[in-house]
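All remarks here apply to the structure that follows.
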Amino acid sequence: MSTPHNSAAPGQIAKTVLMPGDPLRSKFIAEHFLDNPVLVNNLRGVQGYTGSYHGVPVTVMASGMGMPSIGIYSWELFKFYDVDNIIRVGSAGAYTADLNLFDVFLADAAYSESTYALVQGGNTAHTLYPSAALNAKLEKAAAKLGIELHEGTTHSSDVFYRANDGYLQDVILNHHCKVVEMESFALFANAAVLHKNAATILTVSDSFVTHQETTPQEREESFTRMMQVALEAAADQSL
């Protein structure tokens with residue numbers, strides 16, 4: 001079996017998938033954390049690897065950028081490869097002063113202006129939620145590793161470069177968003193439609209408050225605490 005976007009054969013994708021946006025981050029996670037990683041997909045350069053972590057099969061596969069992209073890849077993993085859990089491991093911009101570069105953030109909700117959920121499945125909500133059980137596993141893993149988790153609502157935006165700055169106050173004050181990224185809303189929408197589990201754990205890569213930012217290499221290679229938390233959760237087979 002394969003899809004237009006995934007050449008993996010049946011049985012080559014694990015039940016739990018870590019999903020960074022960047023294919024190079026997928027490669028980094030596989031090479032630095034997984035035992036015996038095998039490249040199972042490289043269509044369009046979207047690298048997917050399957051190996052094991054603490055003896056448990058884990059796949060790490062990139063999603064690309066934005067909701068349409070993660071919408072395609074996560075749907076195919078859930079629907080055609082029978083994946084049960086997808087943990088997005090990504091970067092985020094901080095909207096609040098209490099978040100610093102490299103802080104680890106667990107999304108307990110995703111707000112978006114996007115019509116993705118409406119068009120995809122008829123869901124009119126603009127705030128969607130991750131799997132409570134999967135979030136609990138991520139919290140447990142972070143506590144085990146001694147890694148502080150910040151939690152709150154992420155803003156899943158369709159737009160990276162905006163000419164309109166007036167939106168920010170509404171998103172922060174009225175929708176209580178603490179960070180911004182571009183994928184979680186679509187991932188949570190797909191999981192809800194297909195009755196699967198999805199979660200998002202992020203590393204703060206830049207700040208709208210201090211205007212500090214990380215380098216591309218740091219975003220690819222230095223977000224290891226987030227990766228470790230996600231992998232510990234993936235190895236927890238209690239779900």
Side-chain angles (χ1 to χ4, degrees), residues 18-22 24-25 28-29 62-70 87-117 125-130 135 138-139 141-143 145-189 198-230 233:
L18 270 60
M19 184 159 269
D22 183 357
L24 292 178
R25 190 181 297 151
F28 178 88
I29 295 171
S63 72
M65 289 189 291
M67 283 183 264
S69 187
I70 198 171
I87 303 172
R88 165 162 155 68
V89 286
S91 58
Y95 279 158
T96 58
D98 62 320
L99 290 171
N100 300 306
L101 295 189
F102 301 104
D103 280 350
V104 182
F105 185 90
L106 179 65
D108 60 23
Y111 164 78
S112 185
E113 314 93 325
S114 171
T115 58
Y116 180 92
H126 283 279
T127 300
L128 299 177
Y129 299 93
N135 266 26
L138 288 161
E139 291 169 340
L145 294 169
I147 294 173
E148 181 182 9
L149 280 186
H150 300 263
E151 298 191 35
T153 301
T154 181
H155 174 207
S156 293
S157 177
D158 272 333
V159 180
F160 190 88
Y161 298 107
R162 289 181 183 248
N164 169 28
D165 292 331
Y167 77 97
L168 206 56
Q169 185 174 7
D170 176 65
V171 167
I172 295 171
L173 296 181
N174 296 329
H175 298 286
H176 312 293
C177 295
K178 292 187 175 182
V179 299
V180 59
E181 42 83 52
M182 303 186 73
E183 288 84 19
S184 297
F185 185 79
L187 174 62
F188 295 171
T200 289
I201 188 168
L202 305 162
T203 299
V204 175
S205 61
D206 57 280
S207 172
F208 283 72
V209 180
T210 65
H211 304 293
Q212 294 176 302
E213 58 183 26
T214 55
T215 67
Q217 185 173 2
E218 286 174 330
R219 289 191 288 274
E220 179 187 327
E221 299 179 355
S222 299
F223 293 176
T224 53
R225 294 187 302 153
M226 164 187 70
M227 299 169 189
Q228 289 172 300
V229 172

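All figures in this text were calculated on a predicted structure; none of them were measured in a lab. Values below: all heavy atoms of this structure, side chains included; hydrogens, waters and symmetry mates excluded.
Shortest non-hydrogen contact noted between Ser157 and Val180 is CB-CG2, 4.1 Å. Taking each heavy atom of Ile29 and Pro20 in turn, the nearest pair found is CD1-CG, 4.4 Å. When all heavy atoms of Arg25 and Gly21 are compared, the pair lying nearest together is NH1-N, 4.5 Å. Minimum heavy-atom separation, Phe223 to Ser91: CE1-CB, 3.7 Å. Pairing each heavy atom of Thr153 with each of His176, the nearest pair is CB-O, 3.7 Å. In plain terms, the two heavy atoms of Ala230 and Leu18 that are nearest each other are CB-CD2, 3.8 Å.
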For residues 104-113, which side-chain donor-acceptor pairs fall under 3.5 Å, sequence neighbours excluded?
residue : atom : partner : partner atom : Å
Tyr111  : OH   : His175  : NE2          : 3.4
Ser112  : OG   : Ser114  : N            : 2.9
Ser112  : OG   : Ser156  : O            : 2.6
Glu113  : OE1  : His155  : NE2          : 3.1
Glu113  : OE2  : His155  : NE2          : 3.1
Glu113  : OE2  : Arg162  : NH2          : 3.2

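Summarising the geometry, atom CG belonging to Leu145 is positioned 6.0 Å from atom CD belonging to Gln228; distances are rounded to the nearest 0.5 Å. To the nearest 0.5 Å, the span separating CG on Leu187 from OH on Tyr116 amounts to 9.0 Å. One finds the CD1 atom of Ile70 at 13.0 Å from the CZ atom of Phe185 (value rounded to the nearest 0.5 Å). For the atom pair CE of Met67 and OG1 of Thr115, the computed distance is 8.5 Å after rounding to the nearest 0.5 Å.
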(message) Quick one, Thr210 with Asn100, criterion side-chain contact (heavy atoms from CB on, under 4.5 Å). Give me CA distance, side-chain angles, the key distance, then yes/no.
(response) CA-CA 9 Å; Thr210 65; Asn100 300 306; 5.9 Å; no

(request) Any chance you could lay out the side-chain contact (heavy atoms from CB on, under 4.5 Å) test for Phe28 and Met227, step after step, and finish with the verdict? (result) CA-CA 10 Å; Phe28 178 88; Met227 299 169 189; 3.9 Å; yes

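Put simply, the side chain of Glu183 gets close to the backbone of Gly66: a donor and an acceptor are under 3.5 Å apart. At distances below 3.5 Å, at least one donor-acceptor pair connects side-chain atoms of Arg225 with backbone N or O atoms of Phe102.
Ala125 meets the side chain to side chain contact (heavy atoms under 4.5 Å, CB included) test with Asn123, Leu128; sequence neighbours excluded. Every residue two or more places apart in sequence or in another chain that forms a side chain to side chain contact (heavy atoms under 4.5 Å, CB included) with Ala233 is listed here: Ile87, Lys137, Leu138, Ala141. In this structure Asp206 satisfies the side chain to side chain contact (heavy atoms under 4.5 Å, CB included) test together with Phe208, Glu213, sequence neighbours excluded. Evaluation of the side chain to side chain contact (heavy atoms under 4.5 Å, CB included) rule for Thr96 yields Asp98, Leu99, Lys178 as partners, not counting sequence neighbours.
Within the structure, salt bridge (charged side-chain N to carboxylate O under 4.0 Å, His left out) pairs that include any residue of residues 147-159 do not occur (at least two apart or interchain).
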